[in-house]
Protein chains: 2
Amino acid sequence: MPSTDTRTGPDARAVVTSEAVLDTALTLFAQRGYHGTALSQIAEILGIRTPSLYNHMRSKQELLETIVRQTLDHVLADFHAAVKGTDDPVVQLREATRVYALRHATHRREALIVNRDTTSLPEPALTAMRQRRREHERAIRSVIARGIESGTFAVGNAGLASFAILEMSVSIARWFREDGPRTAEQVADEYAEFALRIVRYRP
Amino acid sequence: MPSTDTRTGPDARAVVTSEAVLDTALTLFAQRGYHGTALSQIAEILGIRTPSLYNHMRSKQELLETIVRQTLDHVLADFHAAVKGTDDPVVQLREATRVYALRHATHRREALIVNRDTTSLPEPALTAMRQRRREHERAIRSVIARGIESGTFAVGNAGLASFAILEMSVSIARWFREDGPRTAEQVADEYAEFALRIVRYRP
DNA sequence: CTCGCTCCCTAGCGAGCGTTAGTCAGTGGG
DNA sequence: CCCACTGACTAACGCTCGCTAGGGAGCGAG
């Protein structure tokens with residue numbers, strides 16, 4: 001949440017941090033998209049004029065790049081932590097899906113921006129970010145492939161299954177509400193179960 | 001594909017139809033997003049100047065609205081045709097998923113635009129389009145709910161499952177290639193099978 | 001007290017946007 | 001043959017965009 005000054009009145013003067021700028025950008029980019037958001041809108045919410053934003057950031061593009069890079073790094077870190085403890089494809093796929101789904105429920109704005117606006121990044125950032133996503137997808141795919149090899153999973157094509165699992169999780173960011181009937185953890189558990197069903201793991 | 005004049009040379013004069021404008025908009029909106037696309041880019045591809053576009057359309061917004069409305073209408077028509085012949089939830093869910101997935105493979109550009117840029121529509125079109133999507137989602141959900149009631153499906157929550165099934169299908173538009181290893185029909189069949197697995201239908 | 005730093009402000013630049021108005025060349029039908 | 005229509009053009013509009021320059025108020029440290 002943007003931390004503005006507590007003073008009010010005619011000569012109230014907002015005091016803004018770079019975290020507040022990033023947070024507001026997060027909200028607006030998620031709502032209207034990167035190209036659909038003007039810096040003036042970010043500034044207005046923070047209670048300052050547009051040029052003052054430049055005390056806290058270098059450019060609009062840098063804002064987007066920061067958001068995307070941080071998010072993808074977290075996703076990869078989540079994944080590696082999730083699969084670390086075991087070699088069992090069942091546990092690995094369940095855990096990898098669970099943390100991925102959980103992140104999309106708890107960090108909805110970041111997820112929406114990454115999925116909608118990554119392509120608006122300039123090169124070379126675009127290629128770097130695409131590579132991070134591919135890395136994650138390939139890792140999931142190889143977990144499924146090992147499960148197929150060992151006869152634990154029964155699915156025609158590991159690639160198709162990995163796409164389906166990843167993208168159904170991404171969608172959580174679109175509909176999940178914190179004040180809804182289910183907690184983020186409950187939803188993540190359900191989706192982890194869906195993932196195992198897709199690869200037809202029968203306990 | 002844009003149908004331009006066959007003449008070439010220094011004084012070649014492009015001749016453009018409104019279908020060609022829509023088609024080019026489809027390609028660019030899908031590639032760069034609605035806000036990320038300028039009319040000048042559409043005009044350049046068609047080989048005309050920007051103002052000439054107005055001989056074939058009313059506004060940029062109208063282009064987007066046409067794309068979204070047509071696509072969602074086709075999705076709903078697909079669905080109703082798919083479930084018409086039977087009351088069996090298994091067949092209905094498989095067919096509904098199959099035609100939805102198939103459309104996302106064969107009409108990738110439309111699907112990408114609907115999913116990314118629907119929120120850029122002005123009211124009241126936005127509400128109308130959201131309602132069409134909800135209608136579709138609710139219809140899928142009720143198929144699943146009937147399957148649960150009859151004991152054919154075993155899944156905790158029909159809503160969660162319907163979201164997962166719909167959104168994994170949407171993702172096809174992101175990776176499918178016509179010249180890839182699988183045909184659109186094959187992919188659609190696989191995803192229809194995934195849908196039944198998610199609701200744990202055991203043949 | 002005062003110096004220097006932080007961070008806001010106003011003013012303004014240059015570019016690009018979607019859109020309108022008005023013009024003119026080519027084409028097909030009477 | 002000519003006239004109306006189609007569909008391109010140039011010119012220009014008002015607006016918004018991201019961003020820069022330069023100035024000044026408030027605050028903490030010495």
Side-chain angles (χ1 to χ4, degrees), chain A residues 2-26 28-29 31-67 113 117 120-122 125, chain B residues 2-26 28-29 31-67 113 117 120-122 125:
Chain A
S3 71
T4 54
D5 198 9
T6 52
R7 278 175 302 174
T8 51
D11 53 2
R13 195 182 173 88
V15 174
V16 165
T17 66
S18 52
E19 286 77 20
V21 172
L22 201 70
D23 186 272
T24 308
L26 219 36
L28 289 187
F29 288 175
Q31 236 168 58
R32 322 182 206 265
Y34 174 71
H35 285 300
T37 303
L39 290 183
S40 62
Q41 298 170 324
I42 296 177
E44 190 180 7
I45 289 182
L46 291 168
I48 61 176
R49 307 286 172 176
T50 309
S52 301
L53 288 173
Y54 285 83
N55 290 312
H56 309 288
M57 59 170 219
R58 266 207 288 278
S59 70
K60 189 189 180 189
Q61 270 187 7
E62 188 211 45
L63 279 179
L64 177 61
E65 198 175 323
T66 301
I67 290 169
I113 294 168
D117 292 315
S120 295
L121 283 174
Chain B
S3 73
T4 53
D5 199 9
T6 53
R7 279 174 302 174
T8 50
D11 52 4
R13 195 183 171 87
V15 174
V16 164
T17 66
S18 52
E19 285 78 19
V21 172
L22 202 69
D23 186 272
T24 307
L26 219 36
L28 290 187
F29 288 176
Q31 239 168 55
R32 321 180 205 265
Y34 174 71
H35 286 300
T37 303
L39 289 184
S40 62
Q41 298 170 323
I42 297 176
E44 189 179 9
I45 288 182
L46 292 167
I48 61 176
R49 307 285 172 174
T50 309
S52 301
L53 288 173
Y54 285 82
N55 289 315
H56 309 288
M57 57 171 223
R58 268 205 289 277
S59 71
K60 191 189 178 189
Q61 270 187 7
E62 185 212 47
L63 279 179
L64 178 61
E65 197 174 326
T66 301
I67 291 169
I113 295 168
D117 293 315
S120 296
L121 284 173

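This structure is a prediction, so every number in the text was calculated from the model and none was measured. Order of the sequence lines fixes the chain letters, A, B, ..., with proteins taken first and strands second; residue numbering starts at 1 for each chain.
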Scan the side chains in residues 39-53 of chain B for donor-acceptor partners under 3.5 Å anywhere in the protein, sequence neighbours excluded, and list what turns up.
from, atom 1, to, atom 2, distance (Å)
B:Gln41, OE1, B:Ala38, N, 2.9

Provide a list of protein-nucleic acid N or O atom pairs under 3.5 angstrom, restricted to nucleotides 19-21 of chain C.
from, atom 1, to, atom 2, distance (Å)
C:dT19, OP2, B:Tyr54, OH, 2.5
C:dT19, OP2, B:Lys60, N, 3.0
C:dT19, O5', B:Tyr54, OH, 2.9

> Where the side chain of B:His56 is concerned, which of C:dC17, C:dC8, D:dA8 is the nearest nucleotide?
Replying inline: D:dA8
> What is the distance from CD of A:Glu44 to P of D:dT16, rounded to the nearest Å?
Replying inline: 13 Å
>> Counting C-beta onward and ignoring hydrogens, is there a side-chain heavy-atom pair between A:Gln61 and A:Leu121 closer than 4.5 Å?
In response: no
>> I need the CZ-P distance between B:Arg49 and D:dA12, as an integer number of Å.
In response: 16 Å
> Can you tell me if A:Lys60 uses its side chain to pair, donor with acceptor, with the backbone of A:Tyr34 under 3.5 Å?
Replying inline: yes
> Could you state the CD1-C1' distance from B:Ile48 to D:dT10, rounded to the nearest angstrom?
Replying inline: 14 Å
>> Rounded to whole Å, how long is the line connecting atom CG of B:Leu64 with atom C1' of C:dG18?
In response: 15 Å
> If you take all heavy atoms of B:Asp117 and B:Phe29, which pair is closest and at what distance?
Replying inline: OD2-O, 4.1 Å
> NA contact type, A:Ser18, heavy-atom cut-off 4.0 Å: base, sugar-phosphate, or nothing?
Replying inline: nothing
>> What is the separation between atom CG on B:Leu53 and atom C1' on D:dG7, rounded to the nearest whole Å?
In response: 12 Å
> Under 4.0 Å between a side-chain N or O of A:Ser52 and OP1 or OP2 of C:dC7?
Replying inline: no
> Please give, in whole Å, the distance from C:dG18 C1' to B:Glu62 CD?
Replying inline: 14 Å
>> Show every ring pair (Phe, Tyr, Trp, His ring centres under 6.0 Å) that has at least one partner inside residues 44-65 of chain B, sequence neighbours left out.
In response: none
> How close or far is atom P of C:dT10 from atom CG of A:Asn55, stated in whole angstroms?
Replying inline: 14 Å
>> Contact between B:Leu28 and B:Gln31 at the side-chain level, heavy atoms closer than 4.5 Å - yes or no?
In response: yes
